[in-house]
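For ligands, and for the atoms within them, numbers begin at 1 and follow the listed sequence. What you are looking at is a predicted structure, and each value in this text was computed from that prediction instead of being measured.
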Amino acid sequence: MRLVWLLLFGALLSCRGGEKPPNIVLIVLDTTRSDRLSVYGHERKTSPFLERFGSSGVRFDQAWSVSSWTLPSHATMFTGLHPDEHGATQENFTISEDLDTLAERLKAKGYQTAGFSNNPWVSHRVGLTQGFDHFSEMWVVKKTREKTGRHATLDEIDSWKETVLDDDEPFFVFVNLIEPHLPYSPPVDTGKRFFDSKADYQAAGEHFQGAGKITVRHYQGTNPLTGEEWSDLSALYEGELHRVDQVTRKVLARLEEIREGETVVIITADHGEHHNEHDHLGHVFSLYEPLVHVPMLARGPGFTAGTVRDEPVSLLDIAPTILHIAGADTAGMHSIGTDIRGEISTKRALPLTYGWPQQVLRGFPEDLQSGPTLAAHRRSLRGAVYYPYKLIRGSDGEEVYYDLRKDPDENVPLDTATIPEAIRAAMDSAAGIPAGRSDAAAPDSETLPEDEMDSTTAEELRLLGYIE
Ligand SMILES: [Zn+2]
């Protein structure tokens, strides 16, 4: 009987007189490295909106992804699981239907759930639409939607608001914006800001048409990019960051007005991008900071405006935070995940993974896929960050530690004896062992053959450089 009263009391407290739980918005800026955003101190004004957003909420300065590409990172945000647990990697493209996803758990709590994805790696094809009442795969939508001059995602969100949304119930909205992903083609108004002249911007844009080609050219090594090309590539990327910053502002203007002051917004990235650091381009073959150090910003009920936090956070924290906000349960999620509104331990070893790059290699011409040029990259990677220490371990046996505070560019491997034993042990366990594999052990069944994809998805993947 006493238990019944306690439960009733608890239920009353959680309703707080019928008060609705807040609306929740999760925006993922695909391919956005934090150090190139002005909200994180970059000298060029790439993110004026995020700067304002940051001062009206909380900016997390030490945030890491769990991987360096779209699929495992989103799957972690959508499940609260480590990539080993949800299983979506380079070699297995779908998450199991048996997993309880973030959207499913929110739906069970009475939330309306809607997703708007601009990346085919976040789609029904890989199981990531589980639990969404509404999911717009924008590359498909764009084929039918009339061109209005506005961003198609904004029009799609407007339609959803008009035709699907019930204003009386709380909602969870997920948006993936892909602008900073290769190929970089910022519109003129944002692109030219990062060049000396409009003509320079136009010339650079024309020079770099096509994504796969530039990555192949770089890793092939026979025709290396010149200094000017790197600088143009970087300026185009910054134009895309500015563009995605402005689209984010417009997305939020549409979503936050529905219940002003009662919407929690979390903005982060699935991974970053290399522009020649450690000889890398794009987001392949690496777990260095340009790929795994991501932005994370949040505002709304529970986040104190104007706060900067420097405790380490991870994409593993996204699902538990959102579920706690909604009053939903987090059973079965990875034990390290925590609600980032509250106290966050500084003694955390955050895991990083990069599977054997089978999918990436498929994007290269056949002779390169198994030839000597890419031999050093045919390996899987595991890592961990226990700030300020970082470990990167390859399936080829390489193992390096860095001190990110003293050596943020990861150039000087540490003498392991200088790292406290307990910290090393925690990193060792968080990283785990990278699985090796031989080239011969790459059966075709583990790829996503083109003929199984609809042509629009294949076209989009080709445009993004994932398939030849
Ligand atoms: Zn991505």
With the Zn ion (ligand 1) as the point of reference, which N/O/S atom of [X] is the closest?
X      : result
Asp30  : OD1
His271 : NE2
Asp270 : OD2

*Short side-chain donor-acceptor distance under 3.5 Å, Arg382 and Thr353*: no
*Does any N, O or S atom of Thr70, backbone or side chain, fall under 2.8 Å from the Zn ion (ligand 1)?*
yes
_For the student: nearest non-hydrogen atoms of Ile178 and Asn176, plus distance_ = N-OD1, 3.9 Å
*Please report the closest heavy-atom contact between Thr32 and Pro180, naming both atoms and the distance.*
OG1-CG, 3.4 Å
*Qualifying residue for salt bridge (Lys or Arg N to Asp or Glu O under 4.0 Å) with Arg33, from Glu289, Glu277, Glu273*: Glu277
